[in-house]
J.: 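Mind looking over this structure? Questions follow.
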Amino acid sequence: MAEFERNPQQKTLMGPGPSTVDPRILRAMSEPTIGHLDPDFLQIMNESMELLRYIFNTENQLTMAMSGTGSSGMETTFVNILEPGDKVIVCVKGVFGQRMVDVAERCGAEVIEVNAPWGEPIDPEDVRKAFKETTGVKMLAVVHAETSTGVLQPLKELSQIAKEHDALLLADTVTSLGGVPVDLDDNGVDLAYSGTQKCLSCPPGLAPVSFNEKAVEVLEKRKTKVQSWYLDLTMIRNYWGKERFYHHTAPINMVYALHEALRIIKEEGREARFERHRKNSAALKAGLKAMGMQMLVKEEFQLPPLTTVVIPEGADDVTVRKRLMQEYNLEIGGGLGDLKGKVWRVGLMGYACTKSNVMFFLSALGNILTSMGVKVDKAAALDAAAEKLAE
Ligand SMILES: *Cc1c(COP(=O)(O)O)cnc(C)c1O
């Protein structure tokens, strides 16, 4: 074998991300790298901003992509809004809410946590209570689609509460953008961030963000400089905006990837895309239930792009996932934190959200469980899924 050879195999990525990348996007990434102030590139940036507004469903002028993965989007929203001593309420119901707390604390903010058990959404009443017990809260932060648990958090009531207390609402839409409606304007979300490797089906590397006028006003009224030079929107927006001031070199080919991903979404249409995620995940869940398994999350809060299923008795978590990979080149996720060893996380995101992946996964899982002596009705699972898909 040649030295330093690299030969990654094509796999089916049905975990919590990254998800399988659309080959159209990989082709776009191999196009020639041009200058970051080249007029052709500026047009690609402008179109990307316009297309991001389409999928975020917002009029927000300040809608663009940060250089870095989803976590850089998280960090961008916190460091640009919070100054030392500011109060922020952070909703914690899984790993990414916990990460928000860590990021907010590093901004020197006073963090008030509102918790919910993993697998459940945040109760708006608990948020109301937290606001009552303190004053001068600058921002309420919540994860829209908690990828560690598979919970889709309703946003409208939280935005109402934030408004009543003159606080901004921040939503993490890393796993929701492109898979379920995020409707920033209609939901009353003031600022949001996302990532490219979940339902947008790009490689990891960019973090779309969107700030409305209220959030921009807070940014402009800061008394102190933004703590991070690299993520400082007061400068970066002058590169993505009309001024085109150099800040840092945009990851050119990654922007091609995002642009292509968003073009694909526009071609399919956002409503059709959401319906595809809803339908395929309904088929997946019908199949798993027919095998005798249970979902972690109550139906009304289930997240179509990511299903958390309780591991059946007699099945060893790690062995099953290892065999899915070795025998089928198929990746799913295990549980994190409190849910380690208790659930599997099955993603149906963007390009990977297909009927054939639903049937492929159910049959592969059925085969493995059967061979391990776990009693599951494989045929019933495939029938139940096929029936849902035919609806
Ligand atoms: C994946 C994810 C992140 C972090 O994104 P990275 O690209 O891993 O930095 C943040 N929030 C949620 C909800 C996620 O699913």
Side-chain angles (χ1 to χ4, degrees), residues 13-21 25 55-56 65-79 90-104 106 116 118-122 141-155 158 169-182 184 187 189 191-210 228 230-231 251 254 257-258 261 277 281 296-297 301-308 331-337 339 343-350 352-353:
L13 302 183
M14 294 178 70
S19 63
T20 308
V21 176
I25 294 173
I55 192 63
F56 271 126
M66 300 299 288
S67 308
T69 66
S71 304
S72 80
M74 183 187 293
E75 195 122 23
T76 297
T77 50
F78 282 92
V79 297
V90 179
C91 299
V92 181
K93 55 181 174 7
V95 167
F96 295 103
Q98 286 177 336
R99 186 174 299 180
M100 281 177 159
V101 171
D102 192 357
V103 171
R106 287 165 195 247
W118 287 35
E120 287 177 30
I122 294 288
V142 69
V143 177
H144 184 215
E146 182 47 85
T147 324
S148 59
T149 64
V151 167
L152 183 63
Q153 175 74 45
L155 295 172
L158 295 183
L169 176 65
L170 161 65
D172 172 322
T173 65
V174 175
T175 290
S176 45
L177 191 72
V180 295
V182 297
L184 294 190
N187 276 320
V189 174
L191 66 164
Y193 60 88
S194 191
T196 44
Q197 77 274 30
K198 315 258 166 123
C199 296
L200 301 182
S201 299
C202 283
L206 286 178
V209 297
S210 186
S228 163
Y230 194 66
L231 303 175
M254 200 51 224
L258 176 64
H277 282 79
S281 82
L296 175 75
V297 179
F301 302 113
Q302 286 170 359
L303 175 64
L306 190 96
T307 297
T308 37
E331 180 179 87
I332 62 165
L336 289 179
L339 297 174
V343 298
W344 287 314
R345 293 183 297 154
V346 187
L348 283 170
M349 301 184 182
C353 178

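Here the structure is a predicted model, which means the values were calculated and not measured. Remember, it's 1-based here, ligands and their atoms both numbered in the order they're listed.
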J.: Using a 4.0 angstrom limit on heavy atoms, which residues are close to ligand 1?
T.: T69, G70, S71, F96, R99, V143, A145, T147, D172, V174, T175, Q197, K198

J.: I'd like to know if the side chain of H277 and the backbone of G350 have a donor-acceptor N/O pair within less than 3.5 Å.
T.: yes

J.: Taking A192's backbone N and O only, do any of them form a donor-acceptor pair with T77's side chain (distance below 3.5 Å, no angle check)?
T.: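 Absent.
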
J.: Could you tell me which residues satisfy ring pair (Phe, Tyr, Trp, His ring centres under 6.0 Å) with F301, sequence neighbours excluded, listed by chain and number?
T.: none

J.: Could you tell me whether the side chain of D172 and the main chain of V174 form a donor-acceptor pair under 3.5 Å?
T.: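 Such a contact is found between D172 side chain and V174 backbone.
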
J.: Show me the donor-acceptor pairs, under 3.5 Å and distance only, between side chains in residues 197-210 and residues at least two apart or in other chains.
T.:
residue	atom	partner	partner atom	Å
S201	OG	Y351	N	2.7
S210	OG	N60	ND2	3.0
S210	OG	T63	OG1	2.9

J.: Quick one: side-chain hydrogen bond (donor to acceptor under 3.5 Å, both in side chains) pairs with a partner in residues 90-100, sequence neighbours left out?
T.: S71-R99

